[in-house]
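Basis for what follows: all heavy atoms, side chains included, without hydrogens, waters or symmetry-related copies. Residue numbers start at 1 and run along the sequence shown.
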Amino acid sequence: MQYRKAKDGTDISILAYGCMRFSKSNGKIDLAKAEREVMEAIDLGVNYFDTAYIYSGSEAVIGEIFERNHCRDRVYIADKLPHYMIRSRAGLEKTFQEQLRRLRTDYIDFYLMHILTDIATWERLKRLGVEDWIREKKDSGQIRNIGFSYHGNSNMFCRLADTYDWDFCMIQYNYLDEFSQAGRTGLTHAHERGLPVMIMEPLRGGRLVSLLPDSAKRLIEEHERGYSAAEWSFRWLWNQPEVTTVLSGMNSLEMLRENAAIASDARAESFTQEDFAMIESLKTQINRSMKVGCTGCAYCMPCPKGVDIPGTFSAWNMFYSQDKKSARRSYMQCTIFRHDPGSASQCIGCGKCEKHCPQMIEIRKKLKSAAADLETPVYKGGKVLIRLFHLW
């Protein structure tokens, strides 16, 4: 494993464990499986573990794993304040103490304002006394580093980076988002300010692996490097010295070991002109087939009418990038083979989802288009039969 420096000189593994996508069984995180994977990650040199208050069960699971295996001093925990749920200074403290209890620790190494959207939001937090609160927590050692996570355009990101003496930040960044979201402009700006940059969505929620069009898959299979789709994505990121660490939601030992092996070999500024040309070719092929830039983060959920928005968009992208039969089968599985159906056509256009979408997708408009492609007469008939005979 290789490491890069945090602002305080701490060595951070360049591969970080994103704890949002632990495997689940019967609706709950599979603790035994998560423990095997987390402990394997630590043994392979991963030391940065990212969770959040709203990642259902995640904080409690890693807290239990670290306590039971006596490894708290071997890891750095990154957690996030759900400021959008906070209405008072007392609310700040209550939420933070709840997180410490879940994590079974008395300090958090890297603490972020979760999805800090704009200056107005930061000003609201300041009026609640967040600056004094942060100062107290850092003075007491309960928070070691303070930062923010961000989805949005590069201009606002740069303004937020300049508005406070942050210790680090986290952005969505991958080769498809090089010039969208905070993008390369934001990455460079943060680096110039001395801010370590943690990367989320390096694979666009798995889309840069599982939903690649056949033409992109052929490019990868035929390339002399022999890299996998995920490896191209990770190496492109780690080629940039401005990137401190890259989060991956690893939920299998195979995935973990593959990513750790890449992280042990990839070097900054090692890409050749041919490598960059390959990335551009992949982008060209992907953009030809992608219908909607959903990463599957689920911040748009829950829908008041039960629409499975991430599931719908995943199937819709598959419809155009892979084969229509598999896409429609996937759509049926995620929307009608369940107690409460989640069809795109159930959307009433309230717009609640769009207020929370980090990708700023026109969700209502896209859902209508997805329904037109995916909700065939067979689908509609199947929905009736499944409801009638309780086949979920």
Side-chain angles (χ1 to χ4, degrees), residues 20-21 24 26-28 54-56 84 115 117 151-152 172 176-177 180-181 201 203-214 249 286-392:
M20 184 175 75
R21 292 188 171 100
K24 294 187 176 182
N26 298 320
K28 294 183 178 180
I54 65 169
Y55 298 169
S56 179
Y84 34 80
I115 318 179
T117 52
H151 291 278
Q172 175 174 316
L176 273 186
D177 290 318
S180 61
Q181 296 250 349
E201 302 292 359
L203 304 178
R204 271 276 191 106
R207 271 59 178 174
L208 299 185
V209 176
S210 60
L211 283 180
L212 287 177
D214 290 338
I286 294 167
N287 287 328
R288 284 176 179 170
S289 63
M290 191 73 73
K291 296 300 291 185
V292 58
C294 173
T295 70
C297 71
Y299 289 141
C300 56
M301 300 292 284
C303 166
K305 291 298 179 180
V307 178
D308 186 340
I309 299 169
T312 295
F313 288 157
S314 174
W316 197 36
N317 277 329
M318 188 186 300
F319 185 86
Y320 283 92
S321 64
Q322 296 181 28
D323 68 280
K324 293 178 172 57
K325 184 178 180 180
S326 296
R328 285 177 172 144
R329 181 172 62 248
S330 175
Y331 182 64
M332 290 183 72
Q333 289 171 341
C334 77
T335 60
I336 59 176
F337 278 98
R338 50 200 270 184
H339 185 277
D340 299 309
S343 305
S345 56
Q346 294 167 204
C347 172
I348 60 172
C350 69
K352 179 181 177 182
C353 52
E354 294 181 6
K355 295 177 182 177
H356 300 286
C357 177
Q359 316 306 324
M360 294 176 284
I361 296 168
E362 294 179 295
I363 294 175
R364 291 170 288 182
K365 179 180 177 181
K366 298 294 185 182
L367 284 174
K368 288 182 181 179
S369 298
D373 281 334
L374 298 170
E375 296 186 18
T376 62
V378 171
Y379 175 91
K380 294 174 183 176
K383 186 174 183 178
V384 173
L385 291 174
I386 289 166
R387 304 263 65 72
L388 182 63
F389 294 105
H390 293 208
L391 299 178
W392 50 79

Residue Glu354 excluded, over 12 heavy atoms near CD under 6.0 Å
yes

So, for Cys347 and Arg364, which heavy atoms are closest and what is the spacing to 0.1 Å?
SG-CG, 4.2 Å

Min side-chain heavy-atom separation His356-Tyr84 under 4.5 Å:
no

Can you find a heavy atom in the side chain of Lys352 that is under 4.5 Å from one in the side chain of Cys303?
no

Value rounded to 0.5 Å, distance of CE in Met20 from SG in Cys297
6.5 Å

Where Gly311 and Asp308 come nearest, the two heavy atoms and their spacing:
N-OD1, 2.8 Å

Is a donor on one side and an acceptor on the other found under 3.5 Å between the side chain of Ser330 and the backbone of Ser326?
no

Ala315 to Leu374 - nearest heavy-atom pair and separation
CB-CD1, 4.2 Å

So how far is it from Tyr379 OH to Thr335 OG1, rounded to the nearest 0.5 Å?
3.0 Å

Heavy-atom donor-acceptor pair, Gln172 side chain to Glu201 backbone, under 3.5 Å:
no

Between Cys353 and Ile363, which heavy-atom pair has the shortest distance, and what is it?
SG-CG2, 3.5 Å

Phe313/Lys291 under side chain to side chain contact (heavy atoms under 4.5 Å, CB included): CA gap, chis, key distance, verdict:
CA-CA 8 Å; Phe313 288 157; Lys291 296 300 291 185; over 6 Å; no

Spacing of CG belonging to Leu176 relative to CD1 belonging to Ile286, to within rounding of 0.5 Å
4.5 Å

Does a donor on one side chain sit under 3.5 Å from an acceptor on the other, for Gln359 and Gln181?
yes

Can you confirm whether Phe319 sits close enough to Arg328 that some side-chain heavy atom of one is under 4.5 Å from a side-chain heavy atom of the other?
yes

Closest approach of Met301 and Ile309, non-hydrogen atoms and distance?
SD-N, 3.7 Å

Parallel, tilted or perpendicular: which describes the rings of Trp316 and Tyr320, with under 30° parallel and over 60° perpendicular?
perpendicular

Does Glu375 pair with Lys380 as a salt bridge, N-O distance under 4.0 Å?
no

Below 4.5 Å, heavy atoms only, C-beta onward: do Ser314 and Arg207 meet side chain to side chain?
yes

If you look at every heavy atom in Thr312 and Cys334, which pair is closest and at what distance?
N-SG, 4.3 Å

Scan side-chain atoms only and decide if Tyr331 and Ser343 contain a donor-acceptor pair under the 3.5 Å cut-off.
no

Taking everything shown except Lys383 itself, do over 12 heavy atoms lie less than 6.0 Å from its NZ?
yes

Donor-acceptor contact present, side-chain Asn317 to main-chain Leu211, <3.5 Å:
no

